[in-house]
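Below is one structure, written out as structure tokens; the observations come after it.
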Amino acid sequence: MGMSDLFEIAGGELAQILRTLPEHFAAGGSLVLDCRPFLAYSRSHICGSRNVNWNSMIRRRSKTSVVSLEWLVPDKTLLGRLRSGEFSPVIVLDEDSRSVADLKSESLASMLLTALHAEVEPGTTQICFLQGGFDGFFALYPDLCVNAPPVNGNQSAFRDSESGMSGRNTPLYDQGGPVEILPFLFLGSAHHSSRRETLANCGITAVLNVSSSCPNLFEDEFNYKTLRVEDSLATDIRARFPEAIDFIDSVKGCGGRVLVHCQAGISRSATICLAYLIHSRRVRLDEAFDFVKQRRRVISPNLAFMGQLLQFETDVLCH
């Protein structure tokens with residue numbers, strides 16, 4: 001690749017880097033960029049690593065273009081810090097490639113390494129590639145990796161406490177508790193939002209109510225935002241995406257956790273969570289849908305909402 005500042009490191013060297021305190025680095029500390037697909041990253045990843053996503057829609061648009069870091073790193077704050085040379089070393093990894101020589105030029109890891117070399121502040125950032133990728137590192141250092149909890153596993157903690165009160169006739173969409181979509185984002189029903197103990201056990205600090213009539217029961221205790229939305233084929237839910245995304249981001253920025261709910265947690269609130277994943281993680285709708293469906297199997301946005309999500313996907317990923 002002609003990158004004089006590119007190093008290849010083994011898993012043991014990365015483990016040593018991760019165990020070194022940030023103040024011992026000349027720059028602001030290390031940064032690990034994971035080039036695996038979003039779903040694989042969500043299942044397990046190196047502690048503190050950030051996912052770099054490159055979807056096929058952008059790939060088709062850029063076959064004749066140089067790929068910019070802006071297309072690969074959706075977090076604008078992280079992108080600015082990266083370009084200014086705040087991190088060193090920056091370690092790039094994929095699933096299991098043994099060396100840079102094994103990378104195909106069209107692979108995400110290869111394109112990311114090229115973009116880093118071209119755009120980061122020269123002389124301030126050491127760019128590294130992890131030999132053996134995530135699979136090799138995880139086999140040796142599972143203690144330095146994060147594993148996602150079992151799908152729907154967080155519901156079991158609430159099932160016993162609620163079963164005696166809700167009875168056997170509880171609809172499937174009200175059973176268990178809210179599901180964790182991201183560490184700061186939960187999806188559930190109006191029933192879940194009405195249970196103070198459930199909200200507390202999830203660490204919820206804010207509630208996004210995406211219904212036409214559900215009340216906000218604990219306004220003295222939680223930060224609420226209400227978007228009055230009908231679950232109808234005539235509803236333009238896409239027009240509400242920006243304020244929903246801004247609210248979720250504001251809760252995240254304050255270190256809080258937000259529950260998104262509608263009546264049943266099936267259509268309207270699921271649509272908002274899907275839009276958030278498309279926007280924040282730059283993933284395609286089908287990938288976001290599979291990710292949420294694994295966690296809350298009852299989701300089923302109405303046909304009009306799915307069409308609006310497809311248009312939103314195009315707007316986000318192609319611009």
**Message:** Checking N216 against T226 for the side-chain hydrogen bond (donor to acceptor under 3.5 Å, both in side chains) test, could you report, in this order, the C-alpha distance in whole Å, the side-chain angles of both residues, the deciding distance, and whether it holds?
**Reply:** CA-CA 8 Å; N216 298 327; T226 303; 2.8 Å; yes
Any luck finding a side-chain donor-acceptor pair between [X] and [Y] under 3.5 Å?
X: T198; Y: N201; answer: no
X: D315; Y: Q311; answer: yes
X: S189; Y: D174; answer: yes
X: D34; Y: S49; answer: no

**Item:** Pairing residues for N223 by the side-chain contact (heavy atoms from CB on, under 4.5 Å) criterion, not counting sequence neighbours
**Value:** A206, F247
**N209 and V260: CA distance, side-chain angles, deciding distance, side-chain contact (heavy atoms from CB on, under 4.5 Å) verdict** = CA-CA 6 Å; N209 181 348; V260 182; over 6 Å; no
[X] side, atom [atom1]; [Y] side, atom [atom2] - distance, nearest 0.5 Å:
X: L31; Y: S88; atom1: CG; atom2: OG; answer: 10.5 Å
X: L317; Y: H279; atom1: CG; atom2: NE2; answer: 10.5 Å
X: L130; Y: D94; atom1: CG; atom2: CG; answer: 8.5 Å
X: C214; Y: Q263; atom1: SG; atom2: CD; answer: 4.0 Å
X: T77; Y: L82; atom1: OG1; atom2: CG; answer: 12.0 Å
X: S97; Y: Q131; atom1: OG; atom2: CD; answer: 11.0 Å

Do [X] and [Y] sit in one hydrophobic cluster, given that two such residues count as connected whenever their side-chain heavy atoms are within less than 4.5 Å of each other, even indirectly?
X: I248; Y: V292; result: yes
X: L103; Y: V90; result: yes
X: L72; Y: F129; result: yes
X: L274; Y: V298; result: no
X: I266; Y: F289; result: no

Which atoms form the tightest heavy-atom contact between [X] and [Y], and what is the distance?
X: S193; Y: L199; answer: O-CD1, 3.6 Å
X: V283; Y: L277; answer: CG2-O, 3.7 Å
X: M111; Y: S105; answer: CG-O, 3.8 Å
X: S194; Y: L217; answer: CB-CD1, 3.5 Å
X: A109; Y: C35; answer: CA-SG, 3.8 Å
X: A139; Y: P142; answer: O-CD, 4.3 Å

**Prompt:** Run the salt bridge (Lys or Arg N to Asp or Glu O under 4.0 Å) check on E221 and R196 step by step: do they pass?
**Reply:** CA-CA 9 Å; E221 302 173 52; R196 183 188 284 106; 3.1 Å; yes
**Asked** Are more than 12 heavy atoms from other residues, nucleotides or ligands located less than 6.0 Å from atom CD of E70?
**Response** no
**Item:** Exceeds 12 heavy-atom contacts within 6.0 angstrom, atom CZ of R98
**Value:** no
With a 4.5 Å cut-off on side-chain heavy atoms, are [Y] and [X] touching?
X: Y141; Y: R19; answer: yes
X: V179; Y: F186; answer: no
X: L227; Y: E243; answer: yes
X: V92; Y: L116; answer: yes
X: L182; Y: Y276; answer: yes
X: K104; Y: S110; answer: no
X: I272; Y: L187; answer: no
X: L18; Y: F137; answer: yes

**Request:** Please test L259 against L208 for side-chain contact (heavy atoms from CB on, under 4.5 Å), starting from the C-alpha separation and ending with a verdict.
**Result:** CA-CA 6 Å; L259 168 67; L208 178 56; over 6 Å; no
**Request:** Walk me through it: do T205 and V251 pass the test side-chain contact (heavy atoms from CB on, under 4.5 Å)?
**Result:** CA-CA 8 Å; T205 61; V251 175; 3.9 Å; yes
**Message:** Is it the case that the ring center of F38 lies less than 6.0 angstrom away from the ring center of F291?
**Reply:** yes
**Check ion pair E95-R36 (N to O, under 4.0 angstrom)** = no
Counting N and O atoms only, with roles assigned by atom type, does the side chain of [X] sit under 3.5 Å from a partner on the main chain of [Y], one being a donor and the other an acceptor?
X: R257; Y: P183; result: yes
X: T314; Y: L310; result: yes
X: R296; Y: G265; result: yes

**Item:** salt bridge (charged side-chain N to carboxylate O under 4.0 Å, His left out) partners of E119, counting only residues at least two apart
**Value:** R83
**Request:** Apply side-chain contact (heavy atoms from CB on, under 4.5 Å) to F241 and F312, showing your working.
**Result:** CA-CA 9 Å; F241 289 171; F312 184 66; 3.7 Å; yes
**Message:** Is the ring pair F134/F138 parallel, tilted or perpendicular, if the boundaries are 30 and 60 degrees?
**Reply:** parallel
**Asked** Which of parallel (below 30°), tilted (30 to 60°) and perpendicular (above 60°) describes Y41 and H45?
**Response** parallel
For residues 299-309, run the donor-acceptor check on the side chains, cut-off 3.5 Å, and write out each pair with its distance to 0.1 Å, sequence neighbours left out.
from : atom 1 : to   : atom 2 : distance (Å)
N302 : OD1    : A304 : N      : 2.9
N302 : OD1    : F305 : N      : 2.8
N302 : ND2    : D231 : OD1    : 2.8
Q308 : OE1    : I237 : N      : 3.0
Q308 : OE1    : R238 : N      : 2.9
Q308 : NE2    : T235 : O      : 2.9
Q308 : NE2    : A304 : O      : 3.4

